[in-house]
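Here the structure is a predicted model, which is why all the values come from computation and not from measurement. Just so it is clear: chains get the letters A, B, ... in the order the sequence lines come, proteins before strands, and each one is counted from 1.
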Protein chains: 2
Amino acid sequence: MTRIRHKSLECSPGCAVEATLQLIDGKWKGVILYHLFQGTLRFNEIRKRLPNITQRMLTTQLRELERDGFVLRTVYPEVPPKVEYSLTSRGQTLEPVIMALKKWGDEHTQFQHGHDVCVE
Amino acid sequence: MTRIRHKSLECSPGCAVEATLQLIDGKWKGVILYHLFQGTLRFNEIRKRLPNITQRMLTTQLRELERDGFVLRTVYPEVPPKVEYSLTSRGQTLEPVIMALKKWGDEHTQFQHGHDVCVE
DNA sequence: CCGAATCCTATATGATACTG
DNA sequence: CAGTATCATATAGGATTCGG
């Protein structure tokens, strides 16, 4: 779930935790970022890596990541269209965060790396 | 947002990222965990540290954290009631994750540590 | 003091169809 | 290929009230 930007946040010393969470939250953002760490990808290339995502959701999540300054969207004026997504430098700074999330998940949750589905 | 347990997850190499996110997501879970890293707290002690949370939401989030094995709830059969919350060993393992989120937030978002509210 | 029970709303997500 | 546009639904989060 991505919440409204500029919404007032609870402020305690842990405030920054939620601030970060709100930016990378969204059902697919974590995985999208994860794949983009490995390099620039086209729209459909990302889609292939997320077999269950709908076109609409991929667009939505990418737009939010772009809006938040994590992802750069490059449109090539060709026919058929070609759009590439890559991380901005700000997006790169999220790598330790995403990797911490992945590391914990790998160590503490059981899921099968199957074709396209895993169960928590 | 906390999603249903055992829901099928998208499985790609980044699957673990979302698996972890789904567990610590929830508007207040990150901050609650953050405060519990500093030691056992009573219900109202947590509440004081999260000035804007409602009683219902604090209960809800704590119950989910308990359900997911991160938090231990200890009820003292007294009048008036006394309930203490502490981290389980599994909860402790989240510390690097939460701290990575906090570190990023501290370095990359602007917010004011005020009385009770900050703006992203 | 620490909740549970209700009721309510916003919004995140999804299904589906269409398009330059 | 890479999107929009529409419609539908579930659920997260909140306000309020009551209780042991």
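For the pair B/R56 and A/L62, nearest-nucleotide mapping onto DNA chain D gives the more 5' position to A/L62. If A/T54 and B/E45 are placed on DNA chain C by their nearest nucleotide, the residue sitting closer to the 5' end is B/E45.
Rounded to an integer number of Å, the gap from CD of B/E78 to P of C/dC1 is 13 Å. In this entry the distance linking CD of B/Q55 with P of D/dA15 reads 13 Å, nearest Å. One can place CZ of B/R47 at 13 Å from C1' of D/dG14, the figure rounded to the nearest angstrom. Atom CZ of A/F43 and atom C1' of D/dA2 are 6 Å apart (whole Å). Between the NZ atom of B/K27 and the P atom of C/dT9 there is a distance of 18 Å, given to the nearest Å. Taking atom CG on A/L58 and atom P on C/dA12, their separation rounds to 17 Å, with Å as the unit.
For A/Q61, a side-chain nitrogen or oxygen approaches OP1 or OP2 of C/dT13 to under 4.0 Å. Close to D/dG3, at under 4.0 Å from its OP1 or OP2, lies a side-chain N or O of A/Y85. For B/R63 and C/dA4, the shortest distance from a side-chain N or O to OP1 or OP2 is below 4.0 Å.
The B/T59 side chain lies nearest to C/dG3 when the options are D/dT4, C/dG3, C/dT13. When the nucleotides D/dG13, C/dT13, C/dC2 are ranked by their closest atom to the side chain of A/M57, C/dT13 comes out on top. Each of D/dC1, D/dA2, C/dA15 was ranked by its minimum atom distance to the side chain of A/P80; first place goes to D/dC1.
Counting any heavy atom pair closer than 4.0 Å across all strands shown, A/Y76 reaches no nucleic acid atom. Nucleic acid contact class of B/P81 (heavy atoms, under 4.0 Å, all strands): base.
Placement of B/L72 and B/W28 in two distinct hydrophobic clusters is found when ILVMFWY residues are connected by side-chain heavy-atom separations under 4.5 Å, directly or transitively.
Between B/D25 and B/K29 there is no salt bridge, since no side-chain N of the basic residue sits under 4.0 Å from a carboxylate O of the acidic one. Salt bridge present: B/K103 and B/E107 bring a charged side-chain N and a carboxylate O closer than 4.0 Å.
By the 4.5 Å heavy-atom criterion applied to side chains, A/I98 and A/F37 are counted as neighbours.
The environment of B/K82 atom NZ is dense: over 12 non-hydrogen atoms of other residues, nucleotides or ligands sit within 6.0 angstrom.
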